[in-house]
**Student:** 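Please find one structure pasted underneath; my questions will follow.
Atom set for the values below is all heavy atoms of this structure, side chains included, hydrogens, waters and symmetry mates excluded. The sequence lines fix the lettering, A, B, ..., with proteins before strands; numbering per chain opens at 1.
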Amino acid sequence: MAQWAENFGNTFYKCFIKEDRYKLLLSGIGVTIKVSLLAVVIGIIIGMIIAICNLSKHKLLKIIGGIYTDVIRGTPSVTQLMIIYFVIFASVHLDKWIIAAIAFGINSGAYVSEIIRAGIMSIDKGQTEAGRSLGLNAYQTMSRIVIPQAIKNIFPALCNEFIVLIKETAIVGYVGLMDIQKAGDFIKSATFIAFMPLIGTAVIYYVLIKILTLILNRIEAVLRKADAR
Amino acid sequence: MIKVKNLHKTFENLEVLRGIDEHIEKGEVVVVIGPSGSGKSTFLRCLNLLEDVTAGEIYVDDEMINDPKVNVNRIRQKMGMVFQQFNLFPHLTIMENITLAPVLLKKMTKEDAIKRGRELLARVNLAEKENAYPAQLSGGQKQRVAIARALAMDPEIMLFDEPTSALDPEMVGEVLDVMKDLAKSGMTMVIVTHEMGFAREVATRVLFIDQGVVMESGTPEEVFGNPQNERTKNFLSKVL
């Protein structure tokens with residue numbers, strides 16, 4: 001037992017303390033959070049736009065929305081990330097992490113748009129009819145009657161999408177960004193130890209997502225409070 | 001006030017309305033009866049364009065409202081609609097349900113709308129519920145709020161689509177009382193209902209619709225007391 005503990009201590013030291021390797025992981029956490037946050041914002045904006053396209057009666061908009069969702073869902077996110085980084089933004093001088101966030105935002109937008117669409121469609125048609133029969137136009141009915149009710153319904157699905165998104169960002173190493181995953185991988189190569197850095201990486205992701213889940217649950221409880229009537 | 005000429009409505013392959021001609025005068029209380037699937041609800045929904053019209057013309061105050069150039073929202077402000085399923089907005093309080101449209105459409109300031117809302121709630125005997133949410137009300141109360149909400153836009157015409165069909169029997173009376181009161185005040189009303197007693201008491205005219213056409217039209221005494229059409233006789237023998 002003492003032997004094992006000593007071994008563990010040694011490996012831990014080699015992987016995380018020696019040569020300040022923990023700093024790699026810390027800056028990796030920063031990269032993961034930066035990329036995820038910006039990607040969430042971009043994803044929600046794109047998601048709303050695509051959802052409006054998909055729900056509209058306008059043929060061209062419908063086709064655009066359809067193609068967008070279809071292409072994004074039909075290709076791997078690594079491929080999308082690499083195309084956006086090495087092809088589309090090849091000659092644009094933006095910070096790496098911003099380009100990565102744009103790529104993940106474009107990807108997430110397709111899924112968010114489906115969540116929003118489902119949320120809006122879950123509101124009874126009678127609500128729209130009641131709004132329109134009072135003389136509200138389509139936009140007023142959407143913004144004052146349908147969307148406020150839809151937001152509460154889609155919140156859990158959106159939270160789930162954000163969590164998936166954070167984990168998806170673990171592929172940013174492909175375009176040379178040092179996030180949590182890449183930092184763990186780097187330590188593995190430098191120390192020839194696989195167990196400690198990889199388990200460490202997993203623990204960091206787990207804790208990050210646990211914290212986020214707790215925060216989102218709080219927000220949901222506040223949203224639901226108005227229902228306790 | 002409302003003129004309907006040769007109104008047709010087709011869903012996919014199903015011809016629901018097959019040429020309706022009607023003339024509804026100001027102050028009339030027209031009760032529309034008929035078997036289920038006869039097209040009476042569709043007729044009512046066409047009047048404020050919740051269904052688009054397949055063919056024919058609808059005039060309100062001599063303006064053809066199913067002309068694509070007409071601003072539907074402006075026309076609908078003249079017509080209040082009450083639904084079978086109430087369709088109150090669950091995320092808003094009773095007062096907010098009532099004031100939303102008048103304030104948003106700039107018919108009234110918020111203060112005036114609240115004042116008017118209180119009057120209307122008093123009129124439907126729900127003065128104490130202004131801060132409640134729809135989920136806290138009974139069916140009958142919800143429907144009375146829905147009537148108040150429609151009245152808040154000061155409509156010239158009120159349309160009722162089976163307003164008591166989703167209610168428990170003991171709540172039907174309170175809603176019908178509000179409607180009777182409204183009829184007495186001179187409001188022009190078109191009501192689709194299965195409440196024959198109410199029709200007999202309140203209607204100035206009864207329309208019997210079946211198979212997408214008006215089979216018979218007349219005063220309640222004429223239609224209920226001495227129906228001319230075989231189908232009307234048949235229908236009334238089942239429901240009376």
**Student:** Which bit of B:Phe89 is near chain A, if near means a heavy-atom gap under 4.5 Å: side chain, backbone, both or neither?
**Tutor:** both
**Student:** Under 3.5 Å, is there a donor-acceptor pair between the side chain of B:Gln136 and the main chain of B:Tyr133?
**Tutor:** yes
**Student:** Examine whether an atom of B:Leu104 lies under 4.5 Å from a heavy atom of chain A, and if so say whether it belongs to the side chain, the backbone or both; otherwise answer neither.
**Tutor:**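 Contact with chain A: backbone and side chain both.
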**Student:** With chain A as the partner, which of B:Ile75, B:Leu88, B:Asn48, B:Val72 has the greatest number of non-hydrogen pairs under 4.5 Å?
**Tutor:**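 If we count pairs closer than 4.5 Å to chain A, B:Leu88 comes out on top.
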**Student:** Please report the interatomic distance CD1(B:Ile191) to CE(B:Met179), rounded to the nearest 0.5 Å.
**Tutor:** 4.0 Å
**Student:** Would you mind checking if B:Lys3 and B:Asp62 are paired as a salt bridge, meaning a charged N to carboxylate O distance below 4.0 Å?
**Tutor:**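 Yes, charged N to carboxylate O under 4.0 Å.
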**Student:** Closest approach of B:Ile20 and B:Leu17, non-hydrogen atoms and distance?
**Tutor:**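 Answer, listing the atom of B:Ile20 first, then B:Leu17: CD1-CD2, 3.8 Å.
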**Student:** Where along residues 146-172 of chain B does a heavy atom come under 4.5 Å of chain A, listed by residue number?
**Tutor:** B:Arg149, B:Ala150, B:Met153
**Student:** Hey, are B:Arg116 and B:Glu119 close enough for a salt bridge, meaning a charged N less than 4.0 Å from a carboxylate O?
**Tutor:** yes
**Student:** Mind ranking B:Arg74, B:Arg45, B:Gln84, B:Gln85 by heavy-atom pairs under 4.5 Å with chain A and telling me who comes out on top?
**Tutor:** B:Arg45
**Student:** May I ask you to say whether B:Lys180 pairs ionically with B:Asp177, meaning some side-chain N is under 4.0 Å from a carboxylate O?
**Tutor:** yes
**Student:** Can any side-chain N or O of A:Asp179 pair as donor or acceptor with the backbone N or O of A:Thr32 at less than 3.5 Å?
**Tutor:** no
**Student:** List the atom of A:Thr169, the atom of A:Ser36, and the distance in Å for their closest heavy-atom pair.
**Tutor:**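 Heavy-atom minimum between the residues: CG2-OG, 3.7 Å.
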**Student:** State whether the side chain of B:Gln143 and the backbone N or O of B:Phe83 hold a donor-acceptor pair below 3.5 Å, judged by distance alone.
**Tutor:** yes
**Student:** Give me the contact list for residues 104-127 of chain A versus chain B, heavy atoms only, anything under 4.5 Å, ordered by residue number.
**Tutor:** A:Asp124, A:Lys125, A:Gly126, A:Gln127
**Student:** Check for a donor-acceptor pair, side chain of B:Lys142 on one end and backbone N or O of B:Phe86 on the other, with a separation under 3.5 Å.
**Tutor:** no
**Student:** State, to 0.1 Å, how close B:Ala132 and B:Leu137 come at their nearest heavy-atom pair, and which atoms those are.
**Tutor:**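 Heavy atoms of B:Ala132 and B:Leu137 come nearest at CB-CD2, 4.3 Å.
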